[in-house]
Amino acid sequence: MKDVLIIMGSDSDLPVMKEAAEILDQFKITYDLTIVSAHRTPNRLFESASNAKANGYSCIIAGAGGAAHLPGMAASMTELPVIGVPIKSSNLSGVDSLYSIVQMPPGIPVGTMAINGAKNAGLYAAKIVAVGKPEVWASISNFMKNQEHEVLNKATALEDKGFKNYLEQK
Ligand code: RP5
C-alpha cells in the first residue's frame, strides 16, 4: 500500500506535478502517480477516488488546469483529504484553474495550493502522512532547517559582498 495518490488531468500537467513527487521521494514517502481526467475519463475518476481510502492512501494530491474539476470531484467521492494544485493554463494564466479548485461548496473541502504549487502540495501531503508515520517528522524538520540555513547563508553573503558583487557572482 502506498501513502499518497497523485493524480493529474493530463500529461501536460506532469512538468509541474513532478515537484510533488520529488518532495515525497526526498522524504521516502511512497506514492502512486497517474493521469485521471475529470472530463475525459469520468469513470476512471470515480473508480480511483471512491476506492482511494480502501486502497490505503492517506491523502490525494490532484492537479488540473483550466476548468479544473478533478480535485473537487475527487473530494466529493472520498473521506480522504484532497490537496488541489491549480495548473497554470495558457489562456488565463491559471486563475481559471485556481478559481475552479478553490471555490468549493461548504461540505466538500479541497486544500488548495498556489498556482503551480505542486512542491507545497508534496510538503503538505508529507505532513498529513507524518501524523500516522512519526519517522517522517525528522525529514520535515531537516527540510525546514536546511531551508532556513540556505536563506541565512544568502543573507550573510549579501551583507558581506554588497548587492552589486552579490548579483555579479550569482
Ligand atoms: C486539464 O486540461 C488538464 O489538467 C490540463 O491542465 C488541461 C489541458 O490538458 P491537455 O489538453 O494538455 O491534455 O484537464
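Sequence positions, counted from 1, serve as the residue numbers for this chain. We count ligands from 1, going down the list as the structure has it; atoms in each ligand are counted the same way. Keep in mind that the numbers below use all heavy atoms, side chains included, and drop hydrogens, waters and symmetry copies.
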Residue pair Val82 / Ile108, side-chain heavy-atom distance below 4.5 Å: no
Heavy-atom donor-acceptor pair, Ser89 side chain to Gly94 backbone, under 3.5 Å: yes
At what distance, to the nearest 0.5 angstrom, does CG of Leu123 lie from CG of Leu24? 8.5 Å
Evaluate the side-chain contact (heavy atoms from CB on, under 4.5 Å) criterion for residues Ile140 and Trp137: first the C-alpha distance (whole Å), next the side-chain angles of each, then the deciding distance (0.1 Å), finally the verdict. CA-CA 5 Å; Ile140 294 170; Trp137 290 123; 3.9 Å; yes
Nearest protein heavy-atom contact for atom 1 (C) of ligand 1: which residue, which atom, what distance? Gly65 O, 3.3 Å
Output the distance between atom NZ (Lys2) and atom CG (Asp32), rounded to the nearest 0.5 Å. 4.0 Å
What's the shortest distance from atom 10 (P) of ligand 1 to any protein heavy atom, and which residue and atom give it? Ser10 OG, 3.4 Å
In terms of atom number and element, which parts of ligand 1 are under 4.0 angstrom from non-hydrogen atoms of Ala64? 4 (O)
Is the contact between Ser12 and ligand 1 made by the side chain, the backbone, both, or neither, using heavy atoms and a 4.0 Å cut-off? side chain
Shortest protein heavy-atom distance from atom 11 (O) of ligand 1, along with the residue and atom involved: Arg40 NH2, 3.1 Å
Mark yes when over 12 heavy atoms from residues, nucleotides or ligands other than Tyr124 sit less than 6.0 Å from its OH; otherwise mark no. no
Shortest protein contact, atom 6 (O) of ligand 1 (heavy atom only): Asp13 OD1, 2.6 Å
The answer for which part of His39 has a heavy atom under 4.0 Å from ligand 1 is neither
